[in-house]
Amino acid sequence: MSSIKVTVSGVEQAIEADQKPTHLFADNKEIVVCKINGLLRDLWTDLHDGDVIEGVTISSPEGLAVLRHSTAHVMAQAVQQLFSQTRLGIGPPITDGFYYDFDPPQPFTPEDLEKIESAMRKIVKEGQRFKRRVTTESDALTELAHEPYKCELIGIKGGGNDETNVEVGGTELTIYDNLGRDGQPVWSDLCRGPHLPSTKHIPAFKLMRSAGAYWRGSEKNPMLQRIYGTAWPSQDELNAYLELLAEAEKRDHRRLGQELDLFSFPEEIGSGLAVFHPKGGIVRRAMEDYSRKRHEEENYEFVYSPHLTKAALFQKSGHLDWYSEGMYPPMVMDEELHADGTIKRAGQQYYMKPMNCPFHNLIFQSRQRSYRELPLRLFEFGTVYRYEKSGVLHGITRARGFTQDDAHIYCTKEQMPGELDSLLTFVLNLLRDYGLSDFYLELSTRNPEKSVGSDADWAEATESLRKAALAQNLELVLDEGGAAFYGPKISVQAKDAIGRTWQMSTIQVDFQLPQRFELEFSASDGSKQRPVMIHRALFGSIERFFGVLTEHYSGAFPPWLAPVQVVGIPVSDSFADYLGDVISQMKKSGIRAELDSSDDRMQKKVRNAQMQKIPFMIIAGEEDMKAKAVSFRYRNGDQKNGVPIATAIAEITDAISTRIQV
RNA sequence: GCCCUCGUGGCUCAGUGGUAGAGCAGCUCAUUCGUAACGAGCAGAUCGUCGGUUCGAUCCCGACCGAGGGCUCCA
């Protein structure tokens with residue numbers, strides 16, 4: 001046997017020509033795949049003289065993707081074992097897991113998933129080897145004649161997105177055979193690879209759920225059945241992931257909204273339309289009040305506009321042309337009909353507003369504007385109504401009626417860069433005040449296929465946005481071509497307490513509306529000029545931000561936002577008057593304090609307050625009363641006894657005014 | 001909108017082709033108790049809505065309304 005020279009992990013060495021990477025890395029069980037000359041390859045790949053080989057561990061991002069993709073294959077094999085009539089779609093790795101799309105005779109039931117999972121465990125146990133086989137288009141079409149979706153992929157080879165690329169994205173068309181103990185193929189799938197050396201390299205996995213999904217992501221295509229799963233390098237990591245999901249479920253704002261009596265969605269009102277209960281109302285008002293105060297400091301002017309308008313306004317803005325299916329249908333007023341039903345007098349159409357901007361434009365236009373007034377910043381807590389598709393509604397974060405903290409800034413071209421810069425700083429600082437601290441920014445640029453406005457305007461606005469973003473020293477992600485047709489935008493993404501990303505604020509330049517409304521101001525030389533218009537919302541919608549904060553804090557709001565800041569718990573009834581007096585003093589200091597005078601035992605009252613996530617429990621009994629003091633119990637279970645009344649009040653008012661979390 | 005799952009007292013859930021139970025919450029009584037559920041009793045549901053099948057439906061079928069998980073969508 002001849003030998004060849006290869007470089008393994010940076011070290012040049014001579015090996016037998018029939019040695020594979022799997023042999024080279026035999027002493028490191030963490031290595032499940034490798035890079036040969038920079039390309040990700042199976043550990044069974046043939047080596048050639050001069051190859052440069054690096055091991056890739058199962059825990060690396062690439063290793064995880066391979067693990068998950070291989071697990072998807074095992075799932076597809078199990079599905080076809082159990083349901084032989086099932087045709088295969090695609091099965092790529094995704095964040096934290098994988099999915100595979102199937103076209104089964106019957107949709108999968110939860111019991112099916114259990115069966116599939118145990119069939120998978122068997123396959124994993126068998127240690128089937130993944131073997132790569134190069135084929136040709138015509139051979140593959142013959143071999144996979146019974147797999148119509150796979151044949152379709154062969155037809156679009158190379159042209160697909162990242163997901164279809166997993167199947168056919170390589171330069172060669174390949175099929176992976178799973179070899180049983182006897183070395184004979186037991187199952188095959190069209191796939192680019194690479195894969196784990198064998199199925200026994202799958203340490204931990206779990207099927208999560210099945211769901212419908214359109215073939216290749218288009219709602220014009222048939223609906224396939226997708227099964228989601230997750231796979232990890234160890235059982236511990238799988239458990240940690242499942243715990244994270246359980247934690248996310250516990251802090252789901254829809255669940256907390258009910259448990260903490262914050263809001264509800266009465267069926268009688270309609271899908272996606274919420275009512276805020278008193279406690280939710282307090283949180284919301286605290287949010288709004290603080291936002292209003294900060295906006296006033298930043299020279300915003302507060303305006304109001306009606307919830308509905310004649311069609312003409314949204315015709316002028318263009319919304320009816322491109323957005324009517326997202327709007328509630330019109331109300332026709334004062335229409336008169338002939339006896340035969342034909343129209344005698346045309347009525348007037350009124351629409352619920354899906355946006356506030358046209359109203360603000362009318363305010364701008366209500367009189368002649370001077371350059372001396374600019375930038376003019378019009379702010380409104382504007383409630384809008386959008387007929388979202390039923391399937392997209394999600395608690396309070398995606399609703400059909402919601403209130404935007406909406407402002408439109410009218411300024412000169414020259415003012416725009418400075419305005420965007422100070423605006424972004426303002427936005428981020430305000431979000432920080434609400435307790436979010438981990439951000440990145442996303443800049444959406446022009447889609448040349450679909451946009452209005454001149455090249456120069458776009459370039460200038462995009463550059464101003466980019467400069468403003470870079471000045472923040474935050475990660476900036478480019479969303480190439482992702483802007484709306486009327487102008488570029490920057491959006492602020494925030495991470496919450498358990499690491500999930502939420503899109504928060506958006507700052508959007510608009511080249512369209514000033515033109516459609518023919519907005520003008522008088523410049524210093526007396527000429528008429530068109531202002532630049534900037535749309536911006538910090539919360540997106542108040543309801544949505546409310547939901548995000550609820551999940552971020554898991555319902556344990558910082559004192560300044562908490563519906564009830566203090567609950568007084570007397571050790572027994574005989575101390576209720578004493579403690580009631582302390583609570584009254586707190587109320588006079590502006591603290592949202594309540595006395596629990598129910599006839600529950602104090603332990604029960606503590607439990608109730610704990611479950612309501614009230615920041616401060618103030619307890620008083622014999623000792624405290626004698627000392628003219630109270631005892632604290634904090635949400636985390638800590639205690640502080642014998643605190644003089646004035647000190648206690650000061651501690652609480654201080655926590656509220658500094659907006660700290662406790 | 002599409003696919004799947006679900007809809008039983010305020011909440012969480014059990015249950016059956018012959019008109020319903022539990023725990024918590026509520027109310028009453030008892031208790032007055034130092035940091036996460038004292039005890040007893042009472043009350044509370046035309047089993048989402050409307051049709052159909054059936055001698056009879058909360059249970060089977062259909063439509064609608066609503067919820068959940070996804071897909072698509074979010075100007």
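Order of the sequence lines fixes the chain letters, A, B, ..., with proteins taken first and strands second; residue numbering starts at 1 for each chain. Just so you know, these numbers come straight off a predicted model, no measurement behind them.
- Residues S451(A) and R446(A) bring a donor and an acceptor atom of their side chains to less than 3.5 Å of each other.
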Start with the C-alpha gap between Y351(A) and F314(A), add the side-chain angles, then the distance that decides, and say whether ring-ring contact (aromatic ring centres under 6.0 Å, His included) holds.
CA-CA 9 Å; Y351(A) 282 92; F314(A) 286 116; 7.1 Å; no
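- Spacing between atom CD of E111(A) and atom C1' of U5(B) amounts to 11 Å, rounded to whole angstrom units.
- One can place CZ of F265(A) at 13 Å from P of G66(B), the figure rounded to the nearest angstrom.
- Contact check of residues 615-637 of chain A against RNA chain B (heavy atom, cut-off under 4.0 Å) returns I619(A), G621(A), E622(A), E623(A), D624(A), S631(A), R633(A).
- Rounded to the nearest Å, the gap between the C1' atom of A75(B) and that of C3(B) is 27 Å.
- Between F263(A) and H253(A), the ring planes are tilted. Angles from 30° to 60° get that label.
- For Y440(A), the ring pair (Phe, Tyr, Trp, His ring centres under 6.0 Å) criterion is met by no residue, not counting sequence neighbours.
- Using bins of under 30°, 30° to 60° and over 60° for the plane-to-plane angle, the ring pair H360(A)/H408(A) lands in the perpendicular bin.
- With 3.5 Å as the limit, one finds a donor-acceptor pair spanning the side chains of Q493(A) and S491(A).
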Summarise protein proximity over nucleotides 68-75 of chain B in one line of letters, 5' to 3': B for base, S for sugar-phosphate only, - for none, counting protein heavy atoms closer than 4.0 Å.
SBBBBBBB
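- What separates CG of D600(A) from C1' of U35(B) is a distance of 15 Å, to the nearest Å.
- Across residues 565-579 of chain A, V571(A), S572(A), D573(A) each have a non-hydrogen atom less than 4.0 Å from an atom of RNA chain B (numbered order).
- Residues passing the ring pair (Phe, Tyr, Trp, His ring centres under 6.0 Å) test with W458(A) are F511(A), sequence neighbours excluded.
- C65(B) atom P lies 14 Å from atom CG of L273(A), rounded to whole Å.
- Backbone-only engagement by Q603(A) is indicated by non-hydrogen atom pairs under 4.0 Å involving sugar-phosphate atoms exclusively.
- With Y385(A) as the aromatic partner, R400(A) does not meet the cation-pi criteria of under 6.0 angstrom to the ring centre and within 45 degrees of the ring axis.
- Between W322(A) and F485(A), the angle of the ring planes goes over 60°, which puts this pair in the perpendicular group of the 30/60° scheme.
- Side-chain contact of Q225(A) with D103(A): a donor-acceptor pair under 3.5 Å is absent, judged by distance alone.
- No side-chain N or O of S598(A) forms a donor-acceptor pair with one of K604(A) less than 3.5 Å apart.
- Without hydrogens or angle criteria, E388(A) side chain to R398(A) main chain gives no donor-acceptor distance under 3.5 Å.
- Per the geometry, CD belonging to Q225(A) stands 15 Å off P belonging to C2(B), to the nearest Å.
- The nucleotide whose nearest atom lies closest to any side-chain atom of D599(A) is, among U32(B), G1(B), U35(B), U32(B).
- Where pairing requires Watson-Crick or G-U contacts shorter than 3.5 Å, the helical stems of RNA chain B with at least three consecutive pairs are B:1-7 with B:65-71, B:10-13 with B:21-24, B:26-29 with B:39-42, B:48-52 with B:60-64.
- For the C1' atom pair drawn from U8(B) and U16(B), the interatomic distance equals 12 Å after rounding to whole Å.
- Side-chain atoms of D496(A) and W502(A) include a donor-acceptor pair closer than 3.5 Å.
- Backbone-only engagement by S271(A) is indicated by non-hydrogen atom pairs under 4.0 Å involving sugar-phosphate atoms exclusively.
- Spacing between C29(B) and A22(B) at atom P, rounded to whole Å, works out to 23 Å.
- To the nearest whole angstrom, the two C1' atoms, one in A40(B) and one in U31(B), are 11 Å apart.
- If you take atom P in G21(B) and the same atom in C47(B), they sit 14 Å apart, rounded to whole Å.
- One finds no salt bridge joining R530(A) and E518(A) here, because no Lys/Arg side-chain nitrogen approaches an Asp/Glu carboxylate oxygen to under 4.0 Å.
- Rounded to a whole angstrom, the distance from the P atom of C50(B) to that of G66(B) is 16 Å.
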Using nucleotides 12-14 of chain B, report all nitrogen or oxygen pairs with the protein that are shorter than 3.5 Å.
{"from": "U12(B)", "atom 1": "OP1", "to": "Q258(A)", "atom 2": "OE1", "distance (Å)": "3.2"}

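- For residues 260-283 of chain A, the pairs satisfying side-chain hydrogen bond (donor to acceptor under 3.5 Å, both in side chains) are S264(A)-H277(A), with sequence neighbours left out.
- Between the side chains of Y228(A) and R226(A), a donor-acceptor pair is found at a separation under 3.5 Å.
- Aromatic ring orientation, Y486(A) versus H535(A): tilted (interplanar angle from 30° to 60°).
- For the pair R68(A) and W232(A), the distance from NZ or CZ to the six-membered ring centre is under 6.0 Å and the angle to the ring normal is within 45 degrees.
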Would you tabulate the nitrogen or oxygen pairs shorter than 3.5 Å linking the protein to nucleotides 22-25 of chain B?
{"from": "A25(B)", "atom 1": "OP1", "to": "K604(A)", "atom 2": "NZ", "distance (Å)": "2.5"}

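- The P atoms of G41(B) and A36(B) are separated by 28 Å, rounded to the nearest whole Å.
- Going from atom CD of E268(A) over to atom C1' of G7(B) covers 14 Å, rounded to whole Å.
- Every residue two or more places apart in sequence or in another chain was checked for a ring pair (Phe, Tyr, Trp, His ring centres under 6.0 Å) with F98(A), and none qualifies.
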Which atom pairs, donor and acceptor, lie under 3.5 Å between side-chain atoms of residues 242-251 of chain A and protein residues at least two apart or in another chain?
{"from": "E247(A)", "atom 1": "OE2", "to": "R251(A)", "atom 2": "NE", "distance (Å)": "3.0"}
{"from": "E247(A)", "atom 1": "OE2", "to": "R251(A)", "atom 2": "NH2", "distance (Å)": "3.1"}
{"from": "R251(A)", "atom 1": "NH1", "to": "E551(A)", "atom 2": "O", "distance (Å)": "2.8"}
{"from": "R251(A)", "atom 1": "NH1", "to": "H552(A)", "atom 2": "O", "distance (Å)": "2.9"}

Going 5' to 3' through nucleotides 40-50 of chain B, assign each nucleotide B (protein heavy atom under 4.0 Å from a base atom), S (under 4.0 Å only from sugar-phosphate atoms) or - (no protein heavy atom that close).
-----------
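- Nearer to the 5' terminus of RNA chain B, by closest-nucleotide assignment, is the contact made by L224(A) (compared with the other of M611(A) and L224(A)).
- Donor-acceptor pairing under 3.5 Å is recorded for the side chains of D624(A) and S631(A).
- Spacing between U58(B) and G1(B) at atom P, rounded to whole Å, works out to 29 Å.
- For the pair R601(A) CZ and C33(B) C1', the computed distance is 6 Å after rounding to whole Å.
- Of the charged side-chain nitrogens involved, none lies within less than 4.0 Å of a carboxylate oxygen, so that R209(A) and E117(A) do not count as a salt-bridged pair.
- Cation-pi geometry between K640(A) and F632(A) is satisfied (NZ or CZ under 6.0 Å from the ring centre, within 45° of the ring normal).
- The separation between K605(A) atom NZ and U31(B) atom P is 16 Å, rounded to whole Å.
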